[in-house]
Amino acid sequence: MVEPAATNICKQSEDFDTSWTPTNATPTQDTEETPDGDTSNKYIKLVDDNTGGGATGQVRVIQSMTVSANTQYTASIFLKADGLAFARLGAFNYDGSTDANQYFGLSGAGSLGTASNLDDSSIESYPNGWYRCSITWTNGSDPSGFAFGINVADSISNITVDLDGTSSIFVWGAQVETGPIATSYIPTTTASVTRNKDDITLGSASSLIGQTEGTLYVEVDWRLATGTFQWLLSANDGTGNNRFAIYKQNADEFRMYAEADDDLKTNQGESSTAYSGIQKFAFAYADADFELYRNGSSISSDTVGSLSALATLTDIDLGQDYNNGLQANMWIRAVALFTRRLSDAEAEALTTL
């Protein structure tokens, strides 16, 4: 997993009886095993306050926090069914008056229900019945009243539940961060916590890199991050002037890239908006001969561009650019460099799923 730096601004990410404000809810201690294997008695059970008398209503906890205007955020949390098997996440007052929310089904493979005013949402199944659920939205010009909320739900589209002491789910690992993807969980207590970016570089590697011709190969578990750069694999001289790379640019196109002596040689590919799951890519290059392959097929080629001015390439960057930024933010499953340009048949066979 190669990720950028991230800061979890949601406090008390594992204790819902502290910085969180309840509505018809009683955060309760429980020894249910959390996704990190902990079975200590923590406030991770969200249950209604047992008003009785046939009463119904919302059961939720919210946390207010300071966020920036006109900025994209992602909120995520691990949820597990208990008395009920549905939940809703909400970004309240994200532009001064508007709410965004997504319903989740916490059974089987997990499911997405009714949603509103979101850029994106996702649910990922974890062991022992846990799911990591996330919502992504873009704040407006006045997000001063913003709060992140977690509701117990009665269905994939209804947050009105019985207040009889049985409407409950398990909650753990709350996170709110900038950007379009929920990065790896960052625990917090009384303050926000920042994780450093991943930095994977191999220097003094000129003998491993095809200098006048070669092929870059990478296999990933694709995570779409709309509108962002994501660099998967690069061979370079430690600068942006001489390099070969496979990357996704911010207009959501997957591309091959070649530059020699600060002169662009090729930068083309195809739309990546439909990519998902396991993807295999290869970029084969030689003088005036560039070709990009995906999942067994050629998707882009270019026969213009001399490499005669290319300086010696010394560095290999995995999941980032030459400047140790623009992290891929996805799982990289395999990588290979060849010191020759593979043939079409070889590149297609290499990238076949």
Side-chain angles (χ1 to χ4, degrees), residues 1-9 13 36 71-74 76 132 134 136 173 175-188 191-211 214-250 252 254-259 262 267 272 275 278-283 285 310-339:
M1 188 65 175
V2 185
E3 295 182 302
T7 299
N8 184 3
I9 64 172
S13 61
D36 64 347
T71 302
Q72 190 175 56
Y73 282 83
T74 294
S76 58
R132 194 180 193 194
S134 72
T136 300
Q175 186 155 306
V176 178
E177 60 193 303
T178 59
I181 285 179
T183 65
S184 295
Y185 171 55
I186 306 168
T188 65
S192 61
V193 176
T194 297
R195 181 194 62 245
N196 292 332
K197 67 181 179 180
D198 295 325
D199 180 1
I200 306 176
T201 301
L202 177 64
S204 302
S206 57
S207 64
L208 305 178
I209 303 169
Q211 300 291 334
T215 304
L216 305 180
Y217 168 76
V218 64
E219 176 184 343
V220 304
D221 191 348
W222 188 266
R223 301 176 79 195
L224 179 63
T226 301
T228 63
F229 282 95
Q230 293 171 284
W231 285 69
L232 274 59
L233 180 62
S234 173
N236 57 78
D237 67 345
T239 76
N241 297 334
N242 297 278
R243 52 181 167 160
F244 298 108
I246 304 174
Y247 81 110
K248 184 192 80 71
Q249 51 99 275
N250 62 348
D252 299 331
F254 188 77
R255 294 186 173 187
M256 57 182 176
Y257 186 94
E259 194 166 8
D262 201 23
N267 183 18
S272 61
Y275 289 7
I278 306 305
Q279 303 288 312
K280 295 183 178 183
F281 305 104
F283 172 25
Y285 59 88
L310 186 72
T312 300
L313 306 181
T314 57
D315 294 358
I316 300 168
D317 284 285
L318 180 61
Q320 62 185 27
D321 70 355
Y322 74 94
N323 204 28
N324 303 333
L326 305 180
Q327 274 72 15
N329 212 354
M330 64 180 78
W331 292 98
I332 296 180
R333 295 162 51 94
V335 63
L337 287 84
F338 299 83
T339 55

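We count residues from 1, following the sequence as given.
For the residue pair T228 and P180, the shortest heavy atom distance occurs at CG2-CG, 3.9 Å. The two residues I332 and L232 have their closest heavy-atom pair at CD1-O, 3.9 Å. When all heavy atoms of D198 and Q320 are compared, the closest pair comes out as O-OE1, 3.3 Å. Of all heavy-atom pairs spanning M1 and S184, the tightest one is CG-OG, 4.3 Å.
At least one donor-acceptor pair under 3.5 Å links the side chain of Q175 to the backbone N or O of I186. Using modelled atom types, no side-chain atom of Q327 and backbone atom of P4 make a donor-acceptor pair closer than 3.5 Å. Looking at D252, its side chain does come within 3.5 Å of a backbone N or O of G227 through a donor-acceptor pair. The main-chain N or O of A6 is never found under 3.5 Å from a side-chain atom of T183 such that the two would form a donor-acceptor pair. Between the side chain of S13 and the backbone N or O of T188 there is at least one donor-acceptor pair closer than 3.5 Å. The main-chain N or O of G238 is never found under 3.5 Å from a side-chain atom of R243 such that the two would form a donor-acceptor pair. Put simply, the side chain of Q230 gets close to the backbone of R223: a donor and an acceptor are under 3.5 Å apart.
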### Task
Verify side-chain contact (heavy atoms from CB on, under 4.5 Å) between I246 and W231, making sure each step is shown before the conclusion.
CA-CA 6 Å; I246 304 174; W231 285 69; over 6 Å; no
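Between F244 and Y285, the ring planes are parallel. Angles under 30° get that label, and only those over 60° would be called perpendicular.
In this structure, F254 has its ring center closer than 6.0 angstrom to the ring center of F281.
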